[in-house]
Peer 1: 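Pasting in a structure now, in structure tokens, and then I'll have a few things to ask.
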Amino acid sequence: MRAGSAPKLAAAMASIAALALAPVSLGFAQETARKSDPPAFDLTGTWWVTQPEGAAGFKPDPPLKPEAQKVVDEVQRLRAEGLNARDKTGTCMPPGLPLIMTRVYPTQIFQTPKLITMIYEYHNAVRWIWMDGRDHPQGEDLIPTYYGHSIGWWEGDSLIVDTVGMHTDPDIQPGVPHTEHLHLRERIRLTDEGFVTEITMTDPTIFERPWVTAKRYKKSDAELQEFVCLQESNQFSEDESGVLRQVAPVKSDDQ
Amino acid sequence: MTRIFRKSWAMLALLALGQMVVVPSQAHHSFAMFDQSQQVKLEGVVKEFQFTNPHSWIQLMVVPSEGAEAEQWSIEALSPNVLMRNGWKRNTLKPGDKISVLINPLRDGKKGGNLILVTLGDGTTLGGGA
């Protein structure tokens, strides 16, 4: 095997894909006509995820099933060799949810009674959280998107946000895959310095039990700037085994 | 004079810059390709500065030893969004500028690395990478 090739990654992912085809019961599908408490706070403003837990993925480590653990192990083995694997944002692909929450860039939030809009500076990404009582689209109407379909409601001092329909292309964090059954339930509360979102991730093919993690945010006076990931100036591509390769480091050809 | 050397003064500079550097999640890819246990200081002449997303790049011409031909190093830095908040401008580096950079070198031995900080001709130091 040549250095850095990753056939084990492809095999591990194939078995996950097969397992994900099995029908699963999705508890959120039948929830309709939620009663919402009055809004407990207004998130309108600009926020910055705090360090160090904002950086480099979600903590603690996920409770993985054996097939998913194989993918993680292989990615870590490659990383020890100095190779980035399953890191699609490195090729300018959108990070999607929930990976975008691990990037340390500002997020601007606009809260209105029926819609909360989050604009992430990283990748100019937008997330719409519908607060008007609607449910998620079901079956063929639920089209996978990078940032999924989010609905929200109020429960006492908390904003609950529920997200489904996330594209399987980006990993949850590099090396932690998910299927189309990934489901995020966030409980957002105010803190002394800003807010915290406690995130419960479920995906029956990937996790032994729900993965509970959190991200904390501080208020910021940063102004958002455009961030368009330009393929032309990006210098990495992904090879057939899922490993990032640096391509042509020099743009000009006069050398 | 242009040369390559490895020194521990770099750690002092890093400490001085505090949390401005070492923020890997502001990157859009993992840093596995860089040897973060090593720091290399390079002095050279800017050939090209690409102030672009997702990452910025400095093409630096470095003379490895006296009388030798200059070699091109490709130094990766963070996005303009991050660099601007660290005090960079689009014209902070211009072709012909003599600068020194501190980098984590590529593990594979190619002439490249991840920018930790840059020292401009007037002595100004800017954090640039992760």
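Each chain gets a letter, A, B and so on, in the order the sequences are listed, and its residues count up from 1.
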Peer 1: Counting only heavy atoms closer than 4.5 Å, note whether A:Glu223 contacts chain B via side chain, backbone, both or neither.
Peer 2: backbone
Peer 1: Go through it in stages, so that I can follow the logic: the residues are A:Leu83 and B:Met33, the test is side chain to side chain contact (heavy atoms under 4.5 Å, CB included), and I'd like the CA-CA distance, side-chain angles, deciding distance and then a yes or no.
Peer 2: CA-CA 6 Å; A:Leu83 298 168; B:Met33 70 186 72; over 6 Å; no
Peer 1: Tell me, for A:Pro95 versus chain B, whether the close heavy atoms (under 4.5 Å) come from the side chain, the backbone, both or neither.
Peer 2: neither
Peer 1: Output all residues satisfying side-chain hydrogen bond (donor to acceptor under 3.5 Å, both in side chains) with A:Lys70, sequence neighbours left out; order by chain, then residue number.
Peer 2: A:Glu67
Peer 1: Determine whether the side chains of B:Ser79 and A:Tyr105 contain a donor N or O and an acceptor N or O closer than 3.5 Å.
Peer 2: yes
Peer 1: Report the distance from atom CD of A:Gln225 to atom CZ of B:Arg85, rounding to the nearest 0.5 Å.
Peer 2: 4.5 Å
Peer 1: Take a 6.0 Å sphere around CG of B:Asp122 and say whether it holds more than 12 heavy atoms from other residues, nucleotides or ligands.
Peer 2: yes
Peer 1: Verify the neighbour count for atom NZ of A:Lys65: are there more than 12 heavy atoms of other residues, nucleotides or ligands below 6.0 Å?
Peer 2: yes
Peer 1: Report the distance from atom NE2 of A:His123 to atom CG of B:Asn53, rounding to the nearest 0.5 Å.
Peer 2: 8.5 Å
Peer 1: Are the side chain of B:Asn81 and the backbone of A:Glu226 linked by a donor-acceptor contact shorter than 3.5 Å?
Peer 2: yes
Peer 1: Nearest 0.5 angstrom please: B:His55 NE2 to A:Cys229 SG, how far?
Peer 2: 8.0 Å
Peer 1: With sequence neighbours excluded, what pairs up with A:Arg187 under the salt bridge (charged side-chain N to carboxylate O under 4.0 Å, His left out) test?
Peer 2: A:Glu155
Peer 1: Just wondering, more than 12 heavy atoms not from B:Arg90 lying within 6.0 Å of its CZ?
Peer 2: no
